[in-house]
Amino acid sequence: MAVEPLKVALLGAGVVGSQVARILTTESETLAARIGRPLELVGVGVRRIDVERPGIDPALFTTDSEALVSRGDIDLVIEVIGGIEPARSLLLSAMQHGASVVTANKALLGSDMAALSACANDNGVDLYYEAAVAGAIPIVRPLRESLVGDEIRAVMGIVNGTTNYILDKMTTSGLSFDVALIQAQELGFAEADPTADVEGHDAAAKAAILAGLAFHTEVRREEVFCEGISHVTETDIEAADQMGCLVKLLAITRLTDEPEPRVVVKVHPAMVPKTHPLASVSGAYNAIFVESRDAGDLMFMGQGAGGAPTASAVMGDVVTVARNRLRGSSNDMQTGYTSRGIAPIEDATARHYIRFDVADRPGVLAACATMFGESGISLQTVQQSHLEGAQREQGFEARLNVMTHEASERDVALVVDKLHEAPFVGAVIDVMRVEGH
């Protein structure tokens, strides 16, 4: 007697979707052995049917994705189309019609995780999204399951391969941002419109997901402080090197201590000490560093994008969800069950690197140190160098490179304002956060 297969609907047949379809087709026997029942791909929702997609049976394509996910006999819907709509409506409909969902859609999850999770729980189905954060890197399940008995203290990661590639080339080859971006586009690491990557929006959506998982708090993309790398210069890269650091775009989430625990979620370029594990992550690779109470420091690293790596993470979820389906069970995916608020960026703390020009005369260094002290900021190191030639403007002959101890964004903004107002200080050239110890 033939075993009834689990019916699968696929939404999207692009770079990732075509790889998912390939695995479902070519690895069908292996998947059946791992799950305990075959998977049958019964439909593929696409925008256009007239596009050639080798390796996928053309009879599976449909432009009516809503009809596909609401059939009522679908066991599992895989969504890899991206964006907010129509993905949101399609996934809600799929779950309301009894299908479990596997998605790689970081934009949607970062925007509306709570509604999607509530819908999954209300309908007794699964919502899995390992591929949404860092491609092939397994980080969602460790945070959601493996470390659920521990206390996460911070999560800090390189979650965008495009920006890591650009910053790596600026560091190792001395390229400008513009030249490194063009090279990334030529190699396929960056889109024709790279805004979502280089301005940090992609990383911010992933940071919202990580924050929700780590601290069991609903976090929306718009609550994430976001600053990209388009303003990073070769001088910044050189300054970081002189301070024993590398510049990386980081997604960071941690708890503040006072006046009550709140979640800090932010994305920005930062100097990372060369001794920190994240500093060794080069090229288009991703990595996520987790600090926990009992397990200590954990590092997850791998390919964060691309068809095959992302499809690998998708299929891992597919196998898990299919097994749950056969057992007649589902996992409660709610993450926002605590009432912690989201801290404003002004309350976030970090070490800071500040570079500015000053008049080279007695008492200036002491006066600058006083301004930092009055702003509640302790100095870790101060380096002074003399300016030469064209660098010397309007009587400012020296440059100070200051590294602070941990300080709030509010206090740093205060001291920068004081420096701007001081007659013996020229331009405040750069302020960059320093993360990792």
Side-chain angles (χ1 to χ4, degrees), residues 1-14 16-18 20-25 27-28 31-32 34-49 53 56-105 108-109 111-132 311 314-334:
M1 182 176 178
V3 177
E4 184 72 18
L6 295 175
K7 290 181 172 60
V8 178
L10 174 63
L11 301 178
V16 177
S18 60
V20 170
R22 175 188 61 80
I23 296 171
L24 286 169
T25 302
E27 303 295 327
S28 58
L31 291 171
R34 292 173 180 172
I35 294 167
R37 188 178 294 184
L39 298 177
E40 180 187 2
L41 182 59
V42 298
V44 181
V46 294
R47 284 194 305 168
R48 294 174 53 194
I49 290 181
R53 299 175 176 92
I56 305 178
D57 182 358
L60 294 174
F61 295 127
T62 177
T63 56
D64 193 349
S65 295
E66 170 58 33
L68 175 63
V69 302
S70 61
R71 281 175 33 170
D73 65 339
I74 300 295
D75 294 290
L76 198 157
V77 172
I78 304 171
E79 185 269 312
V80 288
I81 56 178
I84 305 299
E85 289 291 354
R88 181 182 185 277
S89 297
L90 290 172
L91 294 190
L92 291 173
S93 177
M95 291 186 285
Q96 289 162 358
H97 285 86
S100 290
V101 164
V102 171
T103 177
N105 195 331
L108 176 58
L109 293 166
S111 172
D112 212 4
M113 172 73 82
L116 293 166
S117 297
C119 184
N121 290 326
D122 289 346
N123 291 280
V125 297
D126 278 325
L127 171 67
Y128 274 63
Y129 47 91
E130 185 65 69
V314 168
M315 292 308 300
D317 281 349
V318 167
V319 170
T320 300
V321 170
R323 288 171 173 170
N324 289 348
R325 196 83 174 179
L326 292 183
R327 288 195 295 264
S329 65
S330 63
N331 286 338
D332 188 334
M333 295 295 105
Q334 294 279 19

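As the structure is a prediction and not an experimental result, all values here were calculated from the model. Numbers here are sequence positions counted from 1.
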Does the side chain of [Y] come within less than 4.5 Å of [X]'s, by heavy atoms?
{"X": "Val314", "Y": "Glu130", "answer": "no"}
{"X": "Leu76", "Y": "Leu6", "answer": "no"}
{"X": "Asn324", "Y": "Arg327", "answer": "yes"}
{"X": "Leu116", "Y": "Leu92", "answer": "yes"}
{"X": "Leu31", "Y": "Val319", "answer": "yes"}
{"X": "Asp112", "Y": "Arg88", "answer": "yes"}

Side-chain donor/acceptor of [X] to backbone N/O of [Y], under 3.5 Å:
{"X": "Ser28", "Y": "Leu24", "answer": "no"}
{"X": "Glu79", "Y": "Gly82", "answer": "yes"}
{"X": "Asn123", "Y": "Val125", "answer": "no"}
{"X": "Thr25", "Y": "Ala21", "answer": "yes"}

ask   = Where do Leu108 and Leu91 land on the side-chain contact (heavy atoms from CB on, under 4.5 Å) test, with the steps shown first?
value = CA-CA 10 Å; Leu108 176 58; Leu91 294 190; 3.9 Å; yes

Non-hydrogen atoms of [X] and [Y] that approach each other most closely:
{"X": "Met95", "Y": "Cys119", "answer": "CB-SG, 3.8 Å"}
{"X": "Ser111", "Y": "Ile84", "answer": "CB-CD1, 3.9 Å"}
{"X": "Ala99", "Y": "Val77", "answer": "CB-CG2, 4.0 Å"}
{"X": "Asp126", "Y": "Ser329", "answer": "OD2-O, 4.2 Å"}
{"X": "Tyr129", "Y": "Asp317", "answer": "N-OD2, 3.3 Å"}
{"X": "Asn105", "Y": "Gly83", "answer": "ND2-O, 2.7 Å"}

message = Applying the side chain to side chain contact (heavy atoms under 4.5 Å, CB included) criterion to Val8, which one of Ile78, Val318, Val321, Val20 satisfies it?
response =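 Filter result, single survivor: Ile78.
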
Straight-line distance of [X] [atom1] to [Y] [atom2], nearest 0.5 Å:
{"X": "Leu11", "Y": "Leu68", "atom1": "CG", "atom2": "CG", "result": "6.5 Å"}
{"X": "Asn121", "Y": "Ser330", "atom1": "CG", "atom2": "OG", "result": "7.0 Å"}
{"X": "Arg34", "Y": "Glu27", "atom1": "CZ", "atom2": "CD", "result": "7.5 Å"}
{"X": "Arg325", "Y": "Asp75", "atom1": "CZ", "atom2": "CG", "result": "4.5 Å"}
{"X": "Leu60", "Y": "Leu10", "atom1": "CG", "atom2": "CG", "result": "9.5 Å"}

Which atom pairs, donor and acceptor, lie under 3.5 Å between side-chain atoms of residues 39-48 and protein residues at least two apart or in another chain?
{"residue": "Arg48", "atom": "NE", "partner": "Asp50", "partner atom": "OD1", "Å": "3.1"}
{"residue": "Arg48", "atom": "NH2", "partner": "Asp50", "partner atom": "OD1", "Å": "3.4"}
{"residue": "Arg48", "atom": "NH2", "partner": "Asp50", "partner atom": "OD2", "Å": "3.4"}

key: For Arg53, salt bridge (Lys or Arg N to Asp or Glu O under 4.0 Å) partners two or more places apart   =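 So Arg53 forms no salt bridge (Lys or Arg N to Asp or Glu O under 4.0 Å) with any residue.
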
message = Restricting to salt bridge (Lys or Arg N to Asp or Glu O under 4.0 Å), what partner residues turn up for Arg37, sequence neighbours left out?
response =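 Once residues adjacent in sequence are excluded, Arg37 has no partner under the salt bridge (Lys or Arg N to Asp or Glu O under 4.0 Å) criterion.
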
